[in-house]
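See structure below.
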There are 2 protein chains.
Amino acid sequence: MHQVDTGTGSKIARARAAAGVLPLDQILRDDCIRAMSQLPDKSIDCIFADPPYNLQLGGDLFRPDGSQVDAVDDDWDKFDSYASYDRFTQAWLAQARRILKDNGTIWVIGSYHNIFRVGSAIQDEGFWILNDIVWRKANPMPNFKGTRFTNAHETLIWASKSEGARYTFNYQAMKALNDELQMRSDWSLPICSGAERLKDDDGAKAHPTQKPEALLYRVLLATTKPGDVVLDPFFGTGTTGAVAKRLGRRWIGIEREPKYIRVARERIAAALPLDESAMTVMPTKRTAPRVPFGAIVEAGILPPGTVLTDAKRRWKASVRADSSLFCESVEGSIHKLGATLQGAPSCNGWTFWHVEHEGRLESIDTLRQQWLAMQPAG
Amino acid sequence: MHQVDTGTGSKIARARAAAGVLPLDQILRDDCIRAMSQLPDKSIDCIFADPPYNLQLGGDLFRPDGSQVDAVDDDWDKFDSYASYDRFTQAWLAQARRILKDNGTIWVIGSYHNIFRVGSAIQDEGFWILNDIVWRKANPMPNFKGTRFTNAHETLIWASKSEGARYTFNYQAMKALNDELQMRSDWSLPICSGAERLKDDDGAKAHPTQKPEALLYRVLLATTKPGDVVLDPFFGTGTTGAVAKRLGRRWIGIEREPKYIRVARERIAAALPLDESAMTVMPTKRTAPRVPFGAIVEAGILPPGTVLTDAKRRWKASVRADSSLFCESVEGSIHKLGATLQGAPSCNGWTFWHVEHEGRLESIDTLRQQWLAMQPAG
DNA sequence: GAGAACAATGAATCGACCC
DNA sequence: CGGGTCGATTCATTGTTCT
């Protein structure tokens, strides 16, 4: 039997759960599968799950400046094999499915390490995938060794219990949140840092994978109603609980680590429910789109092989397939090469380089304007 | 035996394939599994696959009892259907793996309908996922009913054949394409439309899921070298072939539908290869020729006794005749001493050490460039 | 006190080559 | 295979210290 960790009243809560009454707004200190197994059938409106990713990291990783990356090396993320991870996934999803209401939905977040296993298991359990959502990280950690693309996103799966289910989707709320445009399946949000990031007494991060509240805010606002019961079987430091409380949803958290529970309990106690009016607005920072010169080349506006020149035709350079320029034996980006040729510390390649067009020179910055005008909004 | 569909010379090409010579720059009109099964082991540098996600196709080929399945079959529930799709996926991935070179990589694109099955199968076959890439569609089709988030992206998986493989990744080229910032795992590109979208004589789109050339452009530029052999087992109307030809890569396409083959062949014939100079990309510095520091000293560019310092002049070290450095009681190579002094695990001595030149500090890396420029070609 | 410079850090499957 | 050496490699944001 799980232990209801509410500080007071845990025996009462346990008895209630056994009697089919939900332990609302509480953290259950237990293994998630065992804790879920004690909750009644079809009693939960929405499940948000952030399971271990099974990262399978190798040795230590150092930044170019020599500092070491603080990796996720916790025991809870270690599995012997894909098969063992799959068994774990199937087991907790089966319980999740049992306790979910027929019109409830489930969210699971993961990365390429685990999300394909999780997605397959969700389908195999009979859930019906409604969307996969990409959380595009505004400020991801770079790839320090230059060996791959910067791993700049995580994936969420949103699924109903079955194909025909009548799930909750607050279409208008999402549209309002997105400047009256339909909310898309890619969400650009910063990672959790700064004041929001929970710290231990010694200043170290309290949990290695704390999710931003803005992410949960959007999830719960989109797919639950006020008063709905939201369960998070991998509660950690309680982002789901804090946001649920703010949005006037009921919540249940399951977490094994007393350390995380302590932090979560304090945090949620301090969270203030929002006014009804405040619930519809959540300022999201918008960043102006940066146009890489490469986009102009990829789009075929300025094909590789095109010759560029400066305004006074002192230098000529050719565009290459990767949008770098070369001029005799020198090469580099539009900015770098412009700087090198002039012997300047820096150079705005957009205004420096020109292309012959109808007999006269045209700055490539005008091409950038054209390209921007061609782009659909969003 | 597949049929080599080149218009002329198909018998010759078939004979060559059987003899272990690849049917380069050709479309094989055949089922993809059978066609791949006739290609030699470890012969392909890169595979790009856009497998179908309509589940009938899996059933069409792999229903357990061998019978044919129509588009809609009530007896054919979704679990049988997933199993069938998984068998199909496993079968073509196994062939793909066999014909892929040990240092080759595979790309697969899909949506939430199939990508989780495919990703799991990729891992189960022993491939090692390097990245998952999100193609963020700049102009997706809206969700007309307002029942879900606008499905505004597709997912690509990029994987090497095994964990330790030395795959091709043109890091600097990608960085150049993204205005000197690391290329991220989310790519914002418009969907294929307008003049690029291939049409039948009656004006209908020639293929339902034609991919934009810009997507393949980035894929091939990032993870293949000129002359590499790229295989597309679901060739469709030949986007992979057209871009491969443009970028100076060899290609092999496999496609069953004569209608698509006809369109693809015309399209690729019309594609123009880039000049070799335009095809060149920023070199990865890891493959640049190595210059021993001793050569700089021997050449008299930096005579023994010269004093070097780091950029912030925190340390001073003297060059000895054997090109080692010493600083007080410590000594070592330019790299080792830099690491030791900083207390870092490693250090690039070329960029760490500087020399006073005309009143300002100059990195010894510029001396390396000078020395390289002095050397006779070859 | 304002602003500049510096330091810290985030779910990461993060090198190549010779002996 | 292990061990040693060369030497390639980071972006956005937040917080702290210095001028």
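The sequence lines fix the lettering, A, B, ..., with proteins before strands; numbering per chain opens at 1. Quantities reported herein were computed from a predicted structural model and do not represent experimental measurements.
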> Which residue pairs satisfy the side-chain hydrogen bond (donor to acceptor under 3.5 Å, both in side chains) criterion with at least one member in residues 233-242 of chain A, sequence neighbours excluded?
Replying inline: A/D232-A/T240, A/T239-A/R267

> Mind checking what makes ring-ring contact (aromatic ring centres under 6.0 Å, His included) contact with B/F169, not counting sequence neighbours?
Replying inline: A/F149, B/W158

> Can you give the dot-bracket line for DNA chain D, where a pair is Watson-Crick or G-U wobble with both atom distances under 3.5 Å, crossing pairs use [ ], and | marks a partner on another strand?
Replying inline: .|||||....|||||||||

>> With salt bridge (charged side-chain N to carboxylate O under 4.0 Å, His left out) as the rule and sequence neighbours excluded, what pairs involving residues 54-70 of chain A come up?
In response: A/D70-A/K205

>> Counting the atoms with a prime plus P, OP1 and OP2 as sugar-phosphate, which does A/K211 contact under 4.0 Å by heavy atoms, base, sugar-phosphate, or nothing?
In response: base

> Contacts to DNA chain C from residues 110-122 of chain A, heavy-atom cutoff under 4.0 Å, which residues?
Replying inline: A/Y112, A/H113

> Got a sec, which residues hit side chain to side chain donor-acceptor pair (under 3.5 Å) with B/W135, two or more places apart in sequence or on another chain?
Replying inline: none

>> So if I define the base as every atom that isn't primed, P, OP1 or OP2, how would nucleotides 1-7 of chain D read as a B/S/- string at a heavy-atom cutoff under 4.0 Å?
In response: ----SBB

> How far, in whole Å, is D/dT10 from C/dA16 if one measures between their P atoms?
Replying inline: 15 Å

> How would you list, by chain and number, every residue that makes a ring-ring contact (aromatic ring centres under 6.0 Å, His included) with B/Y112, sequence neighbours excluded?
Replying inline: none

Dump the pairs, protein N or O against N or O of nucleotides 2-9 of chain C, anything under 3.5 Å, distances to one decimal.
none

>> My understanding is that only residues two or more places apart in sequence, or in another chain, count here; which of them pass side chain to side chain donor-acceptor pair (under 3.5 Å) with B/Q342?
In response: none

> Sequence neighbours excluded, which residues qualify as ring-ring contact (aromatic ring centres under 6.0 Å, His included) partners of A/F79?
Replying inline: A/Y85, A/F88

> Under the ring pair (Phe, Tyr, Trp, His ring centres under 6.0 Å) rule, what pairs show up with a residue in residues 190-211 of chain A, not counting sequence neighbours?
Replying inline: A/W76-A/H207, A/H207-A/Y260

